[in-house]
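Sequence positions, counted from 1, serve as the residue numbers for this chain. Note that ligands are numbered from 1 as they come in the structure, with each ligand's atoms numbered from 1 the same way. Computed from heavy atoms alone, side chains included, the values below leave out hydrogens, waters and symmetry copies.
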Amino acid sequence: MALQLGDVAPDFTAMTTEGEIKFHDWIGDSWCVFFSHPKDYTPVCTTELGAVAKLKPEFQKRNCKVIGLSVDPVDSHKGWAKDIEETQGTALNFPVVADADRKIADAYGMIHPKALDTLTVRTVFVIGPDKKVKLMITYPASTGRNFDEILRVIDSLQLTSKHSVATPVNWKHGDDVIIVPSLSNDDAKKKFPGGWKEVKPYLRIVPQPK
Ligand code: BEZ
């Protein structure tokens with residue numbers, strides 16, 4: 001069955017541009033963004049990996065490790081890394097998994113043959129420190145991703161994992177949030193003593209908890 005939110009992310013041992021890793025051990029107590037790209041030495045992928053390398057400090061602020069994957073071998077990744085540094089102005093600073101036999105891609109459902117024969121499409125998995133899948137997004141090969149959106153979702157996931165809140169449309173860090181419908185008003189009074197704005201009984205707005 002296809003991987004679903006809440007499933008434990010399949011563990012694996014694999015060669016990467018930074019040596020062999022055992023995935024769950026490598027994640028440790030961090031959050032993780034695991035993303036696939038279709039192929040080395042392709043234009044959109046080159047811009048994406050450069051952008052992710054530039055955003056590394058933002059991922060680190062969120063205690064989040066980043067790791068890429070494609071079905072190319074590690075020597076190809078390493079050769080391509082030179083082009084990424086040359087053209088994007090940032091060296092590759094996170095590991096990229098070499099999955100030439102496609103075992104990991106298959107375990108994660110990263111190959112969508114009706115879209116792209118044998119290559120991985122652009123999947124993104126956010127995995128929590130508990131190793132469970134918290135977010136899955138899939139883009140076609142022709143559309144480069146917006147990694148600022150991935151950071152925004154990580155902010156939401158980290159906030160909502162600690163507090164009884166959900167984040168509304170287009171929310172970003174610092175904006176007001178919504179009290180989850182499962183929390184009664186009596187319990188909400190204990191958690192949000194400053195009160196809330198009740199737009200509807202099911203739509204209760206509070207400032208973002210610290
Ligand atoms: C690219 O990264 O530019 C790309 C890769 C595979 C198919 C189409 C575009």
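Pairs engaging residues 47-57 under the side-chain hydrogen bond (donor to acceptor under 3.5 Å, both in side chains) rule: E48-R122, E48-R145 [sequence neighbours left out].
For E85, the side-chain contact (heavy atoms from CB on, under 4.5 Å) partners are A91, not counting sequence neighbours. Partners of H37 according to the ring pair (Phe, Tyr, Trp, His ring centres under 6.0 Å) rule, which considers only residues two or more places apart in sequence or in another chain, are W80.
You'll find the side chain of L151 reaches within 4.5 Å of the side chain of R62, heavy atoms only.
Using a 30° and 60° split on the angle between ring planes, F147 and F35 fall in the perpendicular class, above 60°.
Aromatic ring centroids of F125 and Y108 lie under 6.0 Å apart.
Around ligand 1 you find P38, T42, P43, V44, C45, R122, A141, each with a heavy-atom distance below 4.0 Å.
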